[in-house]
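Structure, as structure tokens:
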Amino acid sequence: MPFGAEVRNDGATRFRLWAPGAERVDVALGDAASPDVRAMAAAGSGWFEALVREAPAGTRYRFRIDGKLSVPDPASRCNPDDVHGPSLVVDPLAFEWSDGAWRGRPWEDAIIYELHVGTFTPEGTFAAALAKLDYLAALGVTAVELMPVADFPGARNWGYDGVLPYAPDAAYGTPDDLKRLVQSAHRKGLMIFLDVVYNHFGPEGNYLHAYAAPFFNPRRRTPWGAAINFDADGARVVRDFFIHNALFWIEEYGVDGLRVDAVHAIADESRPDIVAELAEAIRARADGERHVHLVLENDRNQSRYLRRDSANRPVQATAQWNDDLHHALHVLLTGERDGYYADYSERPLWHLGRGLAEGFAYQGERSGYRDGKPRGEPSATLPPAAFVTFIQTHDQVGNRAYGERIGRIAEPRRLRAALACLLLAPAPPMLFMGEEFDASTPFLFFCDFGPELAAAVAHGRRAEFGRFARFRDPAVQATIPDPTDPTTFARSKLDWEELDRPPHAEWHALYRELLDLRHRHIVPRLAGMRAGGTFSVRDDAVLHVAWTLGDGARLHLLAALSDAPRGSVDLPPGSAIYPPDPGAQQRLRVAPPAPFAVFTLEDAA
């Protein structure tokens, strides 16, 4: 890796920093009060380098810019005293891996469980999450997706305010703790995915502006601050910084995939753009020896990143989060029509059907929420494997004013039917931690900034919701939890004692049943599936979706999530998968209630 501190085979450590805005750079080793300061030689093109024999693994260090400003290493592998403190020399070869036979799992196996390390367990650490892996394997998930762990300011954060993208946050544990979590997951047959943020740095603890201004493009902004420079002067080094970061997590930590946050917020007019170059670098490094998966979040619905080659392998990204499908389901389950939900309010069942059958619901149609601008690209020729489906995520729960989960606001019968629609459809499903037992605890927005920034964040959070009618009253705004209050973070931790109590135990049993049915009936037939399905909606009440699976079998879904259908229904052909009781399907045929969801399977001719 060309960045940061590298422990060499001869025992010396090479320090390297790109600081095009500096005239002189030193590396200060050891105690901040009386450091051992070593000059770094200018190596051209803004690079500074030093080779030090007295800096073994475990040595604390900072870079000193022009004799004045001391900063952590932007490529620090560990910052034990938070983002303003010194970095720590880490020898990545010191950890003894024992999962050498692991090669990952094919994408058609993917059933994803998204979690936030700090609130998943009472302890909020990598070690405590490791202790829950047997539970997750028994639930039926095959991949654990960690929300961002890159070092962020303070002791609590969603992770999207990270400023040291190579350093696991010390609040969660050490680099070796994270490696043990990955290794233990592999032993249990679980993949580990990591959420990474390449569209911005957090607002506190980022020192790059002071000595490496070309890291940013002043002509562009993101909703979260200065845009990272991927296509102006100096962009080659910046692009390499993030491409190496992706490879670092895949190779040094053995993660099985990355979820790249908000690529729609990345400004890049070069060709190939950074998303394409990143994907190509990952594909080239894996080189068929491992299953490595790349998942995007992209509000633009750009199917160009999801195309397959002649052998049905992803050319760039493996899949994308399918927000369209979530939004349509949310309207059907809750009746809410504020914000982006307005785009789905007229025909929610039609949008749901298109999302299940063709991937995107918006494939170039105009979006009223986006001032009538076209949104999306055609996706019907892509396989369902290109779209990750979900009914909850950290965004869709945590960006609500009170962090309510779907189980708090949806009618239970509709929710059960919707879960069947998601968990038994061909697209890879994702759960958000705790949803499998209908956790009553909220997932709120929380952070831990310095006093001035904390006050601005708390005010901004409440002002943001002031745009909605129900929050226009300042007294109501005042009830929105303060993101910087430690109790907001504490309230977001899962209560695992709920798991054994009704109705949570019944929800947990339903999830296990549905995931078991998926493993037995759906997953073995997914490999080789090349295209989406077809769908139709009857009387704005009954949805029928049909897919041809990879082995030629036909999978059918018949569902009603709101009004009861008028008259009887014709059940799809094939044998019953869900409900598994044939008598239940016969009763449904004669007097269909609402809501319901039925899956049948026709074997290949």
Q: With side chain to side chain donor-acceptor pair (under 3.5 Å) as the test, would you mind laying out the steps for Ser270 and Arg239 before giving the verdict?
A: CA-CA 11 Å; Ser270 55; Arg239 292 167 80 97; 2.9 Å; yes
Give a yes or no on whether the ring-centroid distance for [X] and [Y] is below 6.0 angstrom.
{"X": "Tyr369", "Y": "Tyr341", "value": "no"}
{"X": "Tyr135", "Y": "Trp496", "value": "yes"}
{"X": "Trp158", "Y": "Phe152", "value": "no"}
{"X": "Tyr160", "Y": "His394", "value": "yes"}
{"X": "His116", "Y": "Phe446", "value": "yes"}
{"X": "Tyr344", "Y": "Tyr362", "value": "yes"}
{"X": "Phe535", "Y": "His544", "value": "no"}
{"X": "Phe465", "Y": "Phe471", "value": "yes"}

[Y] and [X], any side-chain heavy atoms less than 4.5 Å apart:
{"X": "Ile111", "Y": "Arg518", "result": "yes"}
{"X": "Glu280", "Y": "Val275", "result": "no"}
{"X": "Leu526", "Y": "Trp547", "result": "no"}
{"X": "Thr548", "Y": "Leu555", "result": "no"}
{"X": "Lys493", "Y": "Thr441", "result": "no"}
{"X": "Phe193", "Y": "Leu258", "result": "no"}
{"X": "Leu431", "Y": "Leu139", "result": "yes"}
{"X": "Phe599", "Y": "His556", "result": "no"}

Any donor-acceptor pair under 3.5 Å from [X] side chain to [Y] backbone:
{"X": "Ser303", "Y": "Leu306", "result": "no"}
{"X": "Asn245", "Y": "Pro165", "result": "yes"}
{"X": "Arg290", "Y": "Gly104", "result": "no"}
{"X": "Thr488", "Y": "Pro483", "result": "no"}
{"X": "Asp324", "Y": "Ala361", "result": "yes"}
{"X": "Gln302", "Y": "Arg304", "result": "no"}
{"X": "Arg414", "Y": "Leu561", "result": "yes"}
{"X": "Gln320", "Y": "Asn298", "result": "yes"}
{"X": "Thr600", "Y": "Ala576", "result": "no"}
{"X": "Arg300", "Y": "His264", "result": "yes"}

Which atom names give the shortest non-hydrogen contact between [X] and [Y], and what distance separates them?
{"X": "Ala246", "Y": "Ile282", "answer": "CB-CD1, 4.2 Å"}
{"X": "Ala439", "Y": "Leu494", "answer": "CB-CD2, 3.9 Å"}
{"X": "Pro384", "Y": "Met529", "answer": "CG-CE, 3.6 Å"}
{"X": "Thr318", "Y": "Val292", "answer": "OG1-O, 4.4 Å"}
{"X": "Thr389", "Y": "Ala427", "answer": "CG2-CB, 3.7 Å"}
{"X": "Thr222", "Y": "Asn199", "answer": "CG2-O, 3.6 Å"}

Any side-chain donor near an acceptor of the partner, [X] and [Y], under 3.5 Å:
{"X": "Glu513", "Y": "Tyr578", "answer": "no"}
{"X": "Thr393", "Y": "Glu114", "answer": "no"}
{"X": "Asp540", "Y": "Trp350", "answer": "no"}
{"X": "His508", "Y": "Asp438", "answer": "no"}
{"X": "Gln396", "Y": "His330", "answer": "no"}
{"X": "Glu377", "Y": "Gln363", "answer": "no"}

Please report the interatomic distance [atom1]([X]) to [atom2]([Y]), rounded to the nearest 0.5 Å.
{"X": "Leu601", "Y": "Leu549", "atom1": "CG", "atom2": "CG", "result": "6.5 Å"}
{"X": "Ile266", "Y": "Phe230", "atom1": "CD1", "atom2": "CZ", "result": "5.5 Å"}
{"X": "Ile522", "Y": "Ile577", "atom1": "CD1", "atom2": "CD1", "result": "4.0 Å"}
{"X": "Leu247", "Y": "Leu278", "atom1": "CG", "atom2": "CG", "result": "7.5 Å"}
{"X": "Asp109", "Y": "Leu190", "atom1": "CG", "atom2": "CG", "result": "11.5 Å"}
{"X": "Ser492", "Y": "Leu444", "atom1": "OG", "atom2": "CG", "result": "4.0 Å"}

Does a salt bridge link [X] with [Y], judged by any charged N lying under 4.0 Å from a carboxylate O?
{"X": "Asp343", "Y": "Arg366", "value": "no"}
{"X": "Asp268", "Y": "Arg220", "value": "no"}
{"X": "Arg375", "Y": "Glu365", "value": "no"}
{"X": "Asp516", "Y": "Arg512", "value": "no"}
{"X": "Arg400", "Y": "Glu336", "value": "yes"}

Q | Test log, rule side-chain contact (heavy atoms from CB on, under 4.5 Å), inputs Glu436 and Trp507 | A | CA-CA 6 Å; Glu436 74 279 8; Trp507 283 104; over 6 Å; no
Q.
I'd like to check the side-chain hydrogen bond (donor to acceptor under 3.5 Å, both in side chains) partners of Asn399; sequence neighbours left out, ordered by chain and number.
A. Asp395
Q: Please step through ring pair (Phe, Tyr, Trp, His ring centres under 6.0 Å) for the pair Phe390 and Phe432, ending with a clear verdict.
A: CA-CA 8 Å; Phe390 44 84; Phe432 180 57; over 10 Å; no
Q | Test salt bridge (charged side-chain N to carboxylate O under 4.0 Å, His left out) applied to Asp256 and Arg103, step by step | A | CA-CA 9 Å; Asp256 303 281; Arg103 293 295 179 267; over 6 Å; no
Q: Could you check Tyr305, Tyr198, Phe242 and say which one makes a side-chain contact (heavy atoms from CB on, under 4.5 Å) with Val260?
A: Tyr198
(Q) Check whether Trp107 forms a cation-pi arrangement with Arg313 (NZ or CZ under 6.0 Å from the six-membered ring centre, at most 45° off the ring normal). (A) no
Q) Has Arg259 got its NZ or CZ under 6.0 Å from the middle of the six-membered ring of Trp321, at an angle within 45 degrees of the ring axis? A) yes
(Q) How about CG on Asp309, more than 12 heavy atoms from neighbouring residues, nucleotides or ligands closer than 6.0 Å, or not? (A) yes
